[in-house]
Amino acid sequence: MSGKDIYSRIQQDLNNYYSNKDNNIWRNNFHIEMPFGLVNDPNGLSYYNDKFHIFYQWNPFGCEHKNKHWASVKTTDFVNFTKPEIILKPEDWFDKDGCYSGGAYVKDDTLKLFYTGNVKDENNNRESYQCIVDYHKDGTFEKRGPVILKQPEGYTAHFRDPMIFDHHGIYYMVLGIQTEDLKGRALIYKSEDIEKWKFAGELKTNMNDFGYMWECPNMISISDNKYAFLFSPQGLEAEEFKYQNIYQSGYVIGDLDLHKVALNHHSEFKELDMGFDFYAPQVFNHYGQNIMLGWVGMPEEDAEYPSATNGGWMFPLTLPRVLEYKDNVLYQKPFKLVENLRESQALSVKDVICDDYKLKLDSRNVEINLDLDLKESNYVDLKFKFNDEYISLIYDKKLEVCIIDRNNMKLGGKGIRKFKLKVEDSLKLHILIDNSVIEIYYQEGLETTTFMYFPKEDKLEVEIKNDDKLKINQLCVWNLRGVKYE
Ligand code: FRU
């Protein structure tokens with residue numbers, strides 16, 4: 001088949017899917033995902049032409065990490081989306097082995113997309129080209145090729161994921177890279193016109209020995225002079241309460257000096273999400289709010305996701321989350337428009353005292369807001385039950401530890417994730433459950449855990465117990481609607 005035929009086949013397969021959905025119980029209803037193939041990082045996030053543009057990495061040909069394209073959906077309300085479309089195809093000399101991740105910047109009437117063209121030769125030697133695309137209001141675009149041809153001296157070709165920010169009328173690009181002695185770093189380039197880029201330097205931080213590669217950097221302004229530098233380092237060693245996935249995503253907050261290319265007085269690295277499946281997040285600004293979407297997945301852990309062999313697709317994106325800077329950390333909350341997903345209120349109770357609480361649910365598409373009184377008890381055991389399988393969330397107030405345990409699921413990834421969480425009087429959980437993703441926001445978004453689950457049966461009951469009488473200050477449950485692609 002010619003390239004053109006292959007792509008019209010893909011478009012047909014997409015159309016067929018949306019007019020004739022299967023009833024696989026793991027298909028997510030309100031997290032963005034594709035009917036087939038492999039999705040990874042969110043890319044080019046932007047608000048342009050009165051719409052949210054969500055681009056993302058997609059392999060339309062199968063569930064392997066290759067053939068990376070950019071696909072896109074658009075929305076105004078996070079309920080109604082346009083049907084996915086392929087935007088960038090890896091078919092030019094500068095991106096033939098993948099149109100890798102990157103960001104967007106709205107300039108005048110054009111959405112400027114930046115991405116890394118990945119090129120490999122017959123010996124698997126890599127070249128990385130930072131490329132630009134002009135994307136227009138009518139959806140047409142021009143792939144204009146490389147604006148940066150090669151990494152500077154002293155670094156390997158692991159050089160990717162350009163993100164643009166501006167400061168005092170100058171454009172800056174931040175990129176992830178690896179030094180020749182295999183340390184992860186970020187580089188900054190600058191430009192006056194967003195077209196011609198000059199190397200400004202390596203970002204100085206105090207993380208000189210912090211993994212062998214930094215992927216997907218974002219530099220975001222969070223208050224008058226503070227910046228959060230988000231990135232996804234590879235090669236950190238697991239600790240009891242941290243860094244438990246193969247790779248991490250997190251941030252430091254500091255004072256950005258762009259003349260010296262330094263992030264001064266920065267905080268310690270904090271992971272953005274403590275669940276099993278969260279990586280490569282990207283942030284964009286929407287009327288002053290920093291909104292983040294991440295990839296619900298993990299590189300190199302493909303065996304944990306049985307939807308590849310039972311359904312032929314892999315990985316959603318997270319819901320959009322607002323980042324709020326408070327007490328030197330970034331709190332995360334679902335973006336306001338996510339409330340559009342609420343179809344009906346299933347329950348709203350206050351001040352319930354009981355031995356344990358069982359919440360039987362009609363569907364696995366729900367939002368739960370729970371405030372549990374912990375003044376007199378020290379322990380919470382909450383289970384998401386799917387008949388004889390379950391995932392537990394355990395909180396120990398004395399140890400200030402939270403544990404998510406997936407060992408009682410039959411399919412998909414197992415194991416536990418542990419993290420520190422300080423709770424004074426009440427444990428506040430905001431939980432969004434979709435058919436194979438659960439997002440939990442703790443203590444107003446101080447921590448989050450995002451993870452996938454693959455139940456054998458389409459049932460859900462939430463059971464809550466503790467070491468004393470259970471005191472529920474408040475419990476609200478909403479049934480959520482599915483998003484539409486039209
Ligand atoms: C992160 C990442 C990026 C790269 C992209 C390729 O998941 O490895 O660094 O651009 O995926 O799909």
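This one's a predicted model, so the numbers in the text were calculated from it and none came from an experiment. For ligands, and for the atoms within them, numbers begin at 1 and follow the listed sequence.
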Check: every ligand 1 N/O to protein N/O pair under 3.5 Å:
from     : atom 1 : to     : atom 2 : distance (Å)
ligand 1 : 7 (O)  : Asp41  : OD1    : 2.8
ligand 1 : 7 (O)  : Asp41  : OD2    : 3.3
ligand 1 : 8 (O)  : Glu215 : OE1    : 3.4
ligand 1 : 8 (O)  : Glu215 : OE2    : 2.7
ligand 1 : 9 (O)  : Arg160 : NE     : 2.9
ligand 1 : 9 (O)  : Asp161 : OD1    : 3.4
ligand 1 : 9 (O)  : Asp161 : OD2    : 2.7
ligand 1 : 9 (O)  : Glu215 : OE2    : 2.8
ligand 1 : 10 (O) : Ser101 : N      : 3.1
ligand 1 : 10 (O) : Asp161 : OD1    : 2.5
ligand 1 : 11 (O) : Asn40  : ND2    : 3.3
ligand 1 : 11 (O) : Asp41  : OD2    : 3.2
ligand 1 : 12 (O) : Asn40  : ND2    : 3.0
ligand 1 : 12 (O) : Gln57  : OE1    : 2.6
ligand 1 : 12 (O) : Lys68  : NZ     : 3.0

Do Arg364 and Asp434 meet the salt-bridge criterion of a basic N to acidic O distance under 4.0 Å? no
Arg144/Glu195 ion pair, N-O < 4.0 Å: yes
May I ask you to decide if Trp26's main-chain N or O and Asn24's side chain share a donor-acceptor pair within less than 3.5 Å? yes
Using the ring of Tyr172 (Phe, Tyr or Trp, six-membered ring only), decide whether Lys190 places NZ or CZ under 6.0 Å from its centre and within 45 degrees of its axis. no
Hey, are Glu91 and Lys96 close enough for a salt bridge, meaning a charged N less than 4.0 Å from a carboxylate O? no
Applying side-chain contact (heavy atoms from CB on, under 4.5 Å) to Thr309 and not counting sequence neighbours gives none
